[in-house]
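Accompanying notes for the structure given below.
Read the numbers this way: they start at 1 and go in the same order the structure lists the ligands and their atoms. Keep in mind the model is a prediction, meaning the values are calculated, not measured.
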Amino acid sequence: AAMFDSLSSSIQKAQRLIGKSGTLTKENMKDPLKEVRRALLEADVSLPVVRRFIKKVEERALGTKVLDGVTPDTQFIKTVLDGVTPDTQFIKTVSNELIDLMGGGVGAKDLEPGFPQIILMAGLQGVGKTTAAGKLALYLKKSKKSCLLVATDVYRPAAIDQLVKLGAAIDVPVFEMGTQVDPVEIAKKGVEEGRRLGVDAVIIDTAGRLQVDEDMMGELRSMKAALRPSDTLLVVDAMTGQEAANLVKAFNDQVDISGAILTKMDGDSRGGAALSVREVSGKPIKFVGVGEKMEALEPFYPERMASRILG
Ligand code: GDP
């Protein structure tokens with residue numbers, strides 16, 4: 001809850017600046033919009049994203065017409081609009097645009113269907129990728145879907161051990177072939193094993209690197225070509241703000257991901273990642289990690305996030 005506190009209070013301050021009398025004008029929205037702009041920049045949303053956002057809020061807010069004459073047919077609309085004052089109209093517009101910014105629409109973005117679903121997990125080292133693989137397996141298990149986890153990080157034996165332990169803790173089988181086999185080969189064998197077991201989903205944990213590098217991208221592209229996964233999810237750390245959004249864009253340009261998982265949302269992050277991912281990459285955030293426990297994974301709802309931000 002802490003993560004959006006300052007953003008939330010700034011936007012509420014902007015709402016108070018508008019006040020309840022008159023209508024929304026370019027003039028009376030100037031300071032409130034400045035407040036929102038400052039709050040978004042402080043939340044580590046990138047400048048171009050902030051600029052487009054502010055422009056849209058201004059255009060939409062000014063475009064809202066206030067009804068004057070009351071005739072029987074406008075009575076209904078008038079009733080609906082009753083209680084709409086400039087301050088609530090302003091905050092409603094900000095809210096709509098926040099939802100839109102985060103990829104709005106209806107509810108959370110689901111995993112893509114498949115028989116079995118093949119979910120490729122990508123991401124840099126330390127962002128919480130292996131943890132997210134385990135969390136996703138438990139999440140699917142709770143919705144009555146059986147899973148197989150596949151460990152392909154042959155460069156770090158500790159990563160394979162970690163996945164094996166996670167699997168044991170949540171009672172989900174883990175497929176591994178040690179460190180001497182090609183990762184793409186392990187992934188293919190893993191999917192075969194998943195089909196043999198008749199599981200609903202195969203989740204493949206891949207090797208991360210400390211930063212974007214060509215070997216990692218090449219390996220992910222080979223895995224994608226060999227497996228045709230239903231989902232390729234990039235795991236990014238919310239604490240890294242707009243950098244997380246830029247990573248989503250970079251991975252999406254190179255391996256065409258289906259969405260992102262934003263981890264460590266329980267931390268003291270400022271929210272910039274949640275607000276920027278969709279805008280800079282065009283891809284949805286599908287899940288958020290909200291803790292170290294295996295249960296700490298939630299679908300990402302733009303509407304809920306917007307209402308958290310608005311307090
Ligand atoms: P990987 O290198 O990307 O596979 O990262 P790990 O899955 O090993 O996670 C790195 C660290 O981040 C571990 O200490 C995890 O417990 C922690 N972690 C992962 N997800 C979350 C989360 O959503 N919230 C918090 N607070 N910690 C997390």
Side-chain angles (χ1 to χ4, degrees), residues 1-5 44 108 119-140 142 147 149-170 172 174-176 179 183 186-187 190 202-213 215-217 219-220 223 229 231-241 243-248 250-251 255 257 259-275 277 285-301 304-305 308:
M3 90 181 271
F4 291 119
D5 279 358
D44 201 18
I119 303 159
L120 193 60
M121 307 289 287
L124 297 183
Q125 207 169 298
V127 295
K129 174 162 43 64
T130 302
T131 306
K135 286 175 172 177
L136 200 53
L138 182 61
Y139 175 85
L140 289 170
K142 281 183 177 166
C147 289
L149 285 160
V150 180
T152 73
D153 189 351
V154 299
Y155 316 98
R156 287 195 313 141
I160 301 178
D161 287 349
Q162 188 190 351
L163 195 67
V164 168
K165 288 208 182 87
L166 284 180
I170 58 174
V172 168
V174 177
F175 180 86
E176 55 110 349
T179 57
I186 300 175
V202 179
I203 301 172
I204 299 152
D205 190 21
T206 62
R209 297 282 198 284
L210 290 173
Q211 48 205 257
V212 170
D213 91 19
D215 286 345
M216 173 178 60
M217 292 296 189
E219 190 171 294
L220 286 170
M223 284 213 189
D231 264 292
T232 301
L233 297 176
L234 180 70
V235 182
V236 287
D237 179 344
M239 305 285 281
T240 59
E243 182 50 29
N246 292 337
L247 274 175
V248 176
F251 273 79
V255 296
I257 62 172
I261 297 183
L262 217 53
T263 62
K264 309 185 192 180
M265 287 286 281
D266 52 311
D268 198 17
S269 102
R270 292 169 292 167
L275 291 168
V277 164
I285 297 169
K286 291 198 172 185
F287 294 92
V288 289
V290 292
E292 294 191 79
K293 293 216 177 78
M294 282 296 100
E295 291 78 15
L297 184 79
E298 297 171 358
F300 178 76
Y301 289 94
R304 281 190 206 164
M305 194 58 75
R308 261 178 71 183

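Counting only non-hydrogen atoms, the option in Gly126, Gly291, Ala132, Gly128 that gets closest to atom 22 (C) of ligand 1 is Gly291. Among Lys129, Arg156, Lys264, Glu292, the residue whose heavy atom lies closest to atom 12 (O) of ligand 1 is Lys264.
Checking only distances, Met265 never comes within under 3.5 Å of ligand 1, N or O to N or O. Residue contacts with ligand 1: Gln125 is placed with no nitrogen or oxygen under 3.5 Å of a nitrogen or oxygen of the ligand (distance criterion only).
If you check the side chains of Tyr155 and Glu219, you find a donor sitting under 3.5 Å from an acceptor.
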Subject >> Derivation of the side chain to side chain contact (heavy atoms under 4.5 Å, CB included) call for Met121 and Leu136 >> reply: CA-CA 10 Å; Met121 307 289 287; Leu136 200 53; 4.1 Å; yes

Original post:
Checking side chain to side chain contact (heavy atoms under 4.5 Å, CB included) for the pair Glu176/Leu163: CA distance, chi angles, key distance, verdict?
Top reply: CA-CA 9 Å; Glu176 55 110 349; Leu163 195 67; over 6 Å; no

**OP:** Evaluate the side chain to side chain contact (heavy atoms under 4.5 Å, CB included) criterion for residues Met217 and Phe251: first the C-alpha distance (whole Å), next the side-chain angles of each, then the deciding distance (0.1 Å), finally the verdict.
**Re:** CA-CA 8 Å; Met217 292 296 189; Phe251 273 79; 3.8 Å; yes

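The salt bridge (Lys or Arg N to Asp or Glu O under 4.0 Å) search around Lys129 returns Asp205, not counting sequence neighbours. Partners of Arg209 under the salt bridge (Lys or Arg N to Asp or Glu O under 4.0 Å) rule, at least two apart in sequence or in another chain, are Asp213.
Heavy-atom separations between Gln162 and ligand 1 include at least one value shorter than 4.0 Å.
Across every non-hydrogen atom of Val202 and Val150, the tightest pair is CG1-CG2, 3.6 Å.
The OG1 atom of Thr131 sits 5.5 Å away from atom CD of Gln162, with the distance rounded to the nearest 0.5 Å.
When heavy-atom distances to ligand 1 are checked against a 4.0 Å cut-off, Lys135 comes that close only through its side chain, counted from C-beta outward. With a 4.0 Å cut-off on non-hydrogen atoms, Asp205 does not touch ligand 1 at all. Under 4.0 angstrom from ligand 1, there are no non-hydrogen atoms of Val235.
Looking only at protein heavy atoms, the nearest one to atom 7 (O) of ligand 1 is Thr131 OG1, 2.5 Å. In terms of protein heavy-atom proximity, atom 26 (N) of ligand 1 is closest to Asp266 OD2, 2.8 Å.
The contact set between ligand 1 and Val290, taken as ligand atoms under 4.0 Å from a residue heavy atom, comprises 23 (O). Heavy-atom proximity to Gly289, at under 4.0 Å, picks out these atoms of ligand 1: 23 (O). Atoms of ligand 1 found under 4.0 Å from any heavy atom of Leu124, numbered from 1 in the order shown, are 3 (O).
The side-chain contact (heavy atoms from CB on, under 4.5 Å) test with Val127 singles out one residue from Val236, Leu262, Ile261, Val235, and that residue is Val235.
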